[in-house]
Amino acid sequence: MSLLESLASNVKTLNQLQQFHAQILHHSLHGQNFWIANLLRICTTVRAPLQYARQLFDSVPHPNVFVFTSMLKFYSQLNSHSDVLELFARMRTAGVSPDAFVFPILIKSTTADQGTAIHAHVLKLGLNSDRYIKNALLDMYARRGPIVVARELFDEMSEKAAADWNAMISGYWRWGDETGAKEVFETMPGKNVVSWTAMVTGYCKMGDLVKARDYFDGMPVKTVVSWNAMLSGYSQNGFAEEALSSFKEMMDEGVKPDETTWVTVISSCAACGDLKMAESLVSFLESRRLKLNCFTKTALIDMYAKCGNLTAARKIFEEMNNRNAVSWNAMISGYARHGDLASSRELFDMMPEKNLVSWNSMIAGYAQNGHSAMAIELFKGMTTMEEGLKPDEVTMVSVVSACGHVGALQLGKWAVDIIVKNKIELNTSGYNALIYMYSRCGSMKEAKRVFQSMPSRDIVSYNSLIAGFAAHGHGYEALDLMSKMTQEGITPDRITFISLLTACSHAGLLEEGKKIFESIKEPSIDHYACMVDLLGRAGDMDEAKKLLDTMPMQPHAGVYGALLNASCIHRKVELGELAARNLFELEPENSGNYVLLSNIYASANRWNDVDRLMITMRQMGVKKNAGMSWIEFNGKLHHFVAGDRSHERREDIYRYLEELGQRLRSLGYLVDKSCVLRDVEEEEKEQMLMTHSEKLAVAFGLLVTEAGAVIRVVKNLRICSDCHLSIRMISKLEGREIIVRDNNRFHCFKHGECSCKDYW
DNA sequence: TTAGGGTTAG
């Protein structure tokens, strides 16, 4: 016996454990509670596989309190709280009464609402004098709150162990109470390395790395855990390089890194995004012949994915035999980030137990790669398919942005309802997404309301709202907002200036725009493009050309595009040709440039040039994509392509189209074959969309289809009496001749009259 | 036995 006992104390690895197990079997001691309890305890220290521990437990016909406790401890180390609770229930059914050793384990696994019940139970059993149980209860309240109850228990203790002080310190930090944590730390007698590390972690979580470093440097003793705390503090606050240099420092001091260190170092390397550095880290790890655990391998997957080597990431993923949800998610988001949505979705569909992050990664993947409708659809799948999975802020940021991207106001409002119903708290980026959505949908009133209501605003908040004002022609409001932002100490950036110049351009604020442009310290190429656009639209074509000629960098397509567009508005054939020539070289596949130039030729009655251009376009294989549009109804997006008759309810649509036309005419709307238009205010437009039936919405979509363009409610409508084409007259151009290309025809409007010419 | 450190999504 004594030989076996001494053997037991020497077991350090799973292998030794198995040998020891064999010895016990050999001595026919198998099944005895004492030995199985011992073996299970060793299982916990050597982190034996769950399967192995379960087999041991099941081999005992009548487990006693020691066997139960050892097994509970094993589950607890794995954080399998449900297994702990289940086994505890089994223990009570088996009539085995729990002792003082069981309760700390049990308390650690209880859910929030069971906590007080357990506390009451402990009091009833008179076990509340046990220091470990008291510590477990204190820790439970410190973690889950109310923290004041933890403090009461703490104050009631006549003798406090270091663990009690430390649980209190980290409890205060968990609730963001720096003062509380500091007070306990400072009054604590015999601070140990755990107390100091808790302070370092606390300041790291607050983002105060200077104070964290002060405490770290002041530590009388440091362990690898203290180093890890400091390293992850740097890493998680976005200071990857500091994390890596502190790691070097740690190595120089001869501290042996552990698995947690590696995970932090790998993730810092991932944040740098430097593939060369990543590869040298991997060879460093290989040279040390480390056995990597699941966390480390997952961090490596993420690192390779972020550094752009998805093949290497996938290889590690495929070779892993113990993947967890995070490993899957790292791979899924890795593919999504690089735009490989097919691979991303394939893994997503294969993944056995998807969690919220999996859904968020996939939804964000669609949203950020321009597949807004897919993002919204997937989100609906998440809310209907996955019971008990509630969207969070990250989900809603993607969904709201996707709604904004397609300009679907009703869907956007539905997303807002979900935020409200689920009481999802938004931080700045959440509010920014709302501003973006409302701005894109043209609800500037709502966008302003969100902007005013948010607790703190960053540069993105300002930029989103300014971009909204810019897009809708509210030039002065955009400029006012810029002054407000500088007053609040936020310096406009590249994007702000782009929006401001766009705002001036759309509102025709030439002088203001010039001032803005002059105030930019180092104008980028995009700023020059905006300025050419502003000058060009305002009619100052010579200035526009001069700016293009004198700009310090090679103009890109955006600059020439602005010039071409202005040439089209002001019918400048030569300048238009110049711009177009450059554009045909820079982006030969863009059909829009051909169309604009042909419009210029048409306006000059140079029909031969129009024909020549159209032939070139066909020879070059440039195709104008069919106009695609969509309309939202009942939370569903209906897509339409010009000329498409494949909608499942086409018969209803056609029948309704007639009725609709009549009804709208009787309401005073101007209706023609291809569009329903009239001066309509924002509220009225919303009401129209909301009060009519689904048929109406679908019919709107079809009208869009027939016209081959997105439906718009516009002002200053003109309708061609001959071909029934309706166009939007820009007030500035009133009285001038306008050329529109639509339905394979050119339509020249002048004073409301139209002359048409077929070109194929 | 109790207290301190780790990977994924915007």
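A, B, ... follow the sequence lines: proteins, then strands. Residue 1 opens every chain.
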- Tell me, please, which residues at least two apart from A/Asn293 pass side chain to side chain contact (heavy atoms under 4.5 Å, CB included). A/Glu259, A/Phe295, A/Thr296
- Task: For A/Ala364, answer base if it contacts any base atom (sugar-phosphate contacts may also be present), sugar-phosphate if it contacts only those atoms, and nothing otherwise; contact means non-hydrogen atoms under 4.0 Å.
- Result: sugar-phosphate
- Using a cut-off of 4.0 Å on non-hydrogen atoms, how would the nucleic acid contact of A/Arg323 be classed: base, sugar-phosphate, or nothing? nothing
- Would you classify A/Asn293 as touching base, sugar-phosphate or nothing, given that sugar-phosphate means primed atoms plus P, OP1 and OP2, and contacts are heavy atoms under 4.0 Å? base
- Message: Under a 3.5 Å cutoff, is there a donor and acceptor pairing between the side chains of A/Ser327 and A/Thr298?
- Response: yes
- Message: Is any side-chain heavy atom of A/Thr201 closer than 4.5 Å to one of A/Ser170?
- Response: no
- For A/Val193, which contact category applies under a 4.0 Å heavy-atom criterion: base, sugar-phosphate, or nothing? base
- Nt span of DNA chain B in reach of chain A heavy atoms at under 4.0 Å, 5' end first, is B/dT1 to B/dG10
- Would you mind classifying the nucleic acid contact of A/Asp99 as base, sugar-phosphate or nothing, using non-hydrogen atoms under 4.0 angstrom? nothing
- Query: Going by distance alone, is a donor N or O of one side chain under 3.5 Å from an acceptor N or O of the other, for A/Ser235 and A/Ser232?
  - Reply: no
- Message: Mind checking if A/Asn355 touches a base, just sugar-phosphate, or nothing, with heavy atoms under 4.0 Å?
- Response: nothing
- Task: Quick one: label A/Arg41 by what it contacts on the DNA or RNA (base, sugar-phosphate, nothing), any heavy atom closer than 4.0 Å.
- Result: nothing
- A/Ser76: side chain to side chain contact (heavy atoms under 4.5 Å, CB included) partners, not counting sequence neighbours: A/Val84, A/Ile105, A/Lys108
- Message: For A/Lys191, is there an ion pair with A/Glu186 - N to carboxylate O distance below 4.0 angstrom?
- Response: no
- Query: For A/Lys306, which contact category applies under a 4.0 Å heavy-atom criterion: base, sugar-phosphate, or nothing?
  - Reply: sugar-phosphate
- Message: Taking any heavy-atom pair under 4.0 Å as a contact, classify A/Ser361: base, sugar-phosphate, or nothing.
- Response: sugar-phosphate
- Message: Within the 4.0 Å heavy-atom criterion, would you say A/Gln236 contacts the bases, only the backbone, or no part of the nucleic acid?
- Response: sugar-phosphate
